[in-house]
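Working notes for the structure below.
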Amino acid sequence: MDSSYLVGVELDDDERRMLRAAMLEWIGPARPTLPLVIAMGFDGLDTFSDEVMRLRSALEHRAAMTVQDWHRVLMGAEIVFVSDVVGSGLDWPITTGFSDASTIAMLRAIQRKMPRWRGSVQFNITEGGQAVIANPERPTA
(Lines give C-alpha, C1' and ligand atoms only; values in the text may rest on other atoms or scores of the structure.)
Protein backbone atom coordinates (compact mmCIF):
# COMPACT_ATOMS: atom_id res chain seq x y z
CA MET A 1 0.00 0.00 0.00
CA ASP A 2 1.18 3.51 -0.80
CA SER A 3 2.39 5.13 2.43
CA SER A 4 0.72 8.43 1.42
CA TYR A 5 -2.73 6.78 1.54
CA LEU A 6 -4.93 8.39 4.22
CA VAL A 7 -6.24 6.04 6.90
CA GLY A 8 -8.77 6.89 9.57
CA VAL A 9 -8.49 4.83 12.74
CA GLU A 10 -11.36 4.88 15.23
CA LEU A 11 -9.78 5.47 18.63
CA ASP A 12 -11.59 6.24 21.85
CA ASP A 13 -10.85 9.42 23.79
CA ASP A 14 -8.44 7.75 26.24
CA GLU A 15 -6.48 6.11 23.44
CA ARG A 16 -6.13 9.45 21.66
CA ARG A 17 -5.09 11.18 24.89
CA MET A 18 -2.47 8.52 25.54
CA LEU A 19 -1.05 8.79 22.01
CA ARG A 20 -0.97 12.59 22.29
CA ALA A 21 0.83 12.26 25.63
CA ALA A 22 3.32 9.87 24.02
CA MET A 23 4.07 12.36 21.25
CA LEU A 24 4.58 15.12 23.81
CA GLU A 25 7.06 12.94 25.72
CA TRP A 26 9.37 13.13 22.68
CA ILE A 27 9.48 16.90 23.16
CA GLY A 28 10.02 16.59 26.93
CA PRO A 29 11.82 13.90 28.92
CA ALA A 30 12.58 11.49 26.05
CA ARG A 31 15.94 11.76 24.29
CA PRO A 32 15.79 10.32 20.78
CA THR A 33 18.94 9.65 18.82
CA LEU A 34 19.34 10.21 15.10
CA PRO A 35 19.34 6.47 14.27
CA LEU A 36 16.16 5.99 16.34
CA VAL A 37 14.40 8.95 14.70
CA ILE A 38 15.27 7.54 11.27
CA ALA A 39 14.10 4.04 12.31
CA MET A 40 10.76 5.52 13.41
CA GLY A 41 10.31 6.96 9.93
CA PHE A 42 11.24 10.58 10.51
CA ASP A 43 13.70 12.53 8.35
CA GLY A 44 16.05 13.63 11.11
CA LEU A 45 16.49 15.37 14.44
CA ASP A 46 16.24 18.88 12.99
CA THR A 47 12.58 18.38 11.94
CA PHE A 48 11.61 15.78 14.54
CA SER A 49 9.96 18.13 17.06
CA ASP A 50 7.86 19.85 14.39
CA GLU A 51 6.74 16.52 12.94
CA VAL A 52 5.86 15.13 16.37
CA MET A 53 3.76 18.20 17.14
CA ARG A 54 2.03 17.91 13.75
CA LEU A 55 1.13 14.30 14.55
CA ARG A 56 -0.06 15.28 18.02
CA SER A 57 -2.31 17.93 16.46
CA ALA A 58 -3.69 15.43 13.93
CA LEU A 59 -4.57 13.08 16.80
CA GLU A 60 -6.25 15.89 18.69
CA HIS A 61 -8.34 16.88 15.66
CA ARG A 62 -9.21 13.27 14.78
CA ALA A 63 -7.68 13.74 11.35
CA ALA A 64 -7.02 10.85 9.00
CA MET A 65 -3.29 10.32 8.65
CA THR A 66 -1.08 8.60 6.16
CA VAL A 67 0.02 5.04 6.79
CA GLN A 68 3.54 6.39 7.38
CA ASP A 69 2.23 8.83 9.99
CA TRP A 70 0.32 6.06 11.80
CA HIS A 71 3.56 4.01 11.78
CA ARG A 72 5.37 6.96 13.35
CA VAL A 73 2.72 7.50 16.02
CA LEU A 74 2.43 3.84 16.98
CA MET A 75 6.16 3.11 17.03
CA GLY A 76 6.84 6.39 18.79
CA ALA A 77 4.30 5.57 21.51
CA GLU A 78 5.60 2.03 21.95
CA ILE A 79 9.21 3.16 22.28
CA VAL A 80 8.71 6.25 24.44
CA PHE A 81 6.55 4.27 26.87
CA VAL A 82 8.89 1.31 27.28
CA SER A 83 12.42 2.61 26.88
CA ASP A 84 14.18 4.02 29.91
CA VAL A 85 17.22 4.75 27.71
CA VAL A 86 15.71 6.98 25.01
CA GLY A 87 12.08 7.25 26.13
CA SER A 88 10.17 8.06 29.30
CA GLY A 89 10.42 4.54 30.65
CA LEU A 90 10.05 4.44 34.42
CA ASP A 91 8.94 8.10 34.47
CA TRP A 92 5.99 7.44 32.12
CA PRO A 93 3.26 7.25 34.82
CA ILE A 94 4.56 10.44 36.46
CA THR A 95 4.97 12.53 33.32
CA THR A 96 1.82 11.37 31.50
CA GLY A 97 -0.60 10.37 34.26
CA PHE A 98 -1.19 6.98 32.60
CA SER A 99 -0.35 3.83 34.55
CA ASP A 100 1.80 1.18 32.94
CA ALA A 101 -1.10 -1.31 33.01
CA SER A 102 -3.57 1.04 31.34
CA THR A 103 -0.98 2.07 28.74
CA ILE A 104 -0.23 -1.54 27.78
CA ALA A 105 -3.95 -2.28 27.50
CA MET A 106 -4.49 0.80 25.33
CA LEU A 107 -1.49 0.05 23.11
CA ARG A 108 -2.79 -3.46 22.48
CA ALA A 109 -6.27 -2.11 21.71
CA ILE A 110 -4.80 0.48 19.33
CA GLN A 111 -2.64 -2.15 17.61
CA ARG A 112 -5.76 -4.24 17.00
CA LYS A 113 -7.63 -1.28 15.51
CA MET A 114 -4.94 -0.32 13.05
CA PRO A 115 -4.35 -2.02 9.73
CA ARG A 116 -1.77 -4.80 9.85
CA TRP A 117 1.59 -3.21 9.18
CA ARG A 118 3.34 -6.40 8.22
CA GLY A 119 2.39 -9.34 6.09
CA SER A 120 1.90 -11.85 8.88
CA VAL A 121 -1.57 -12.83 9.94
CA GLN A 122 -2.45 -12.36 13.58
CA PHE A 123 -4.01 -15.37 15.27
CA ASN A 124 -6.08 -16.32 18.29
CA ILE A 125 -5.97 -19.77 19.86
CA THR A 126 -9.35 -21.47 20.34
CA GLU A 127 -10.24 -23.49 23.44
CA GLY A 128 -9.54 -26.57 21.34
CA GLY A 129 -5.99 -25.33 20.72
CA GLN A 130 -6.45 -24.39 17.07
CA ALA A 131 -5.06 -21.19 15.60
CA VAL A 132 -7.63 -19.05 13.81
CA ILE A 133 -7.21 -15.68 12.10
CA ALA A 134 -8.15 -13.08 14.71
CA ASN A 135 -9.91 -10.71 12.35
CA PRO A 136 -10.08 -11.79 8.70
CA GLU A 137 -11.74 -8.46 7.78
CA ARG A 138 -8.85 -6.38 9.12
CA PRO A 139 -7.12 -4.68 6.19
CA THR A 140 -3.42 -4.85 5.57
CA ALA A 141 -1.49 -1.66 4.99
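These numbers were taken from a predicted model, which means no experiment stands behind them. We count residues from 1, following the sequence as given.
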Heavy atoms, side chains only, cut-off 4.5 Å: are [X] and [Y] in contact?
X	Y	value
Glu15	Leu107	no
Met65	Val9	no
Leu74	Gln111	yes

Which residues share a side chain to side chain donor-acceptor pair (under 3.5 Å) with Thr47, sequence neighbours left out:
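Counting only residues at least two positions away or on another chain, Thr47 forms no side chain to side chain donor-acceptor pair (under 3.5 Å).
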Could you tell me which residues satisfy side chain to side chain donor-acceptor pair (under 3.5 Å) with Ser83, sequence neighbours excluded, listed by chain and number?
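In terms of side chain to side chain donor-acceptor pair (under 3.5 Å), with neighbours along the sequence ignored, Ser83 is linked to no residue.
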From [atom1] ([X]) to [atom2] ([Y]), nearest 0.5 Å:
X	Y	atom1	atom2	answer
Arg72	Arg54	CZ	CZ	6.5 Å
Asp84	Trp92	CG	CH2	13.0 Å
Leu24	Leu19	CG	CG	12.5 Å
Met18	Leu59	CE	CG	9.5 Å
Asp12	Ile110	CG	CD1	8.0 Å
Leu45	Ile38	CG	CD1	7.5 Å

Polar side-chain atom of [X] near backbone of [Y] as donor-acceptor pair, under 3.5 Å:
X	Y	answer
Trp70	Val7	yes
Asp91	Ile94	no
Trp26	Val52	no
Arg56	Arg20	yes

Mind checking side chain to side chain contact (heavy atoms under 4.5 Å, CB included) for [X] and listing every partner two or more places apart, or none if nothing turns up?
X	value
Arg31	none
Thr33	Pro35, Leu36, Val86
Pro29	Glu25, Ser88, Thr95

I would like to know whether Val73 and Met23 meet side-chain contact (heavy atoms from CB on, under 4.5 Å); could you show each step before the answer?
CA-CA 7 Å; Val73 167; Met23 294 300 96; 4.3 Å; yes
Looking at every non-hydrogen atom in both residues, tell me the closest pair between [X] and [Y] and how far apart they are.
X	Y	result
Gly44	Leu34	CA-CD1, 3.9 Å
Gly87	Ala30	CA-CB, 3.9 Å
Thr103	Ser99	OG1-O, 2.8 Å

Steps toward salt bridge (Lys or Arg N to Asp or Glu O under 4.0 Å) verdict (Arg16, Asp13):
CA-CA 5 Å; Arg16 281 187 187 279; Asp13 291 341; 5.9 Å; no
With sequence neighbours excluded, what pairs up with Phe98 under the ring pair (Phe, Tyr, Trp, His ring centres under 6.0 Å) test?
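Not a single residue meets the ring pair (Phe, Tyr, Trp, His ring centres under 6.0 Å) criterion with Phe98.
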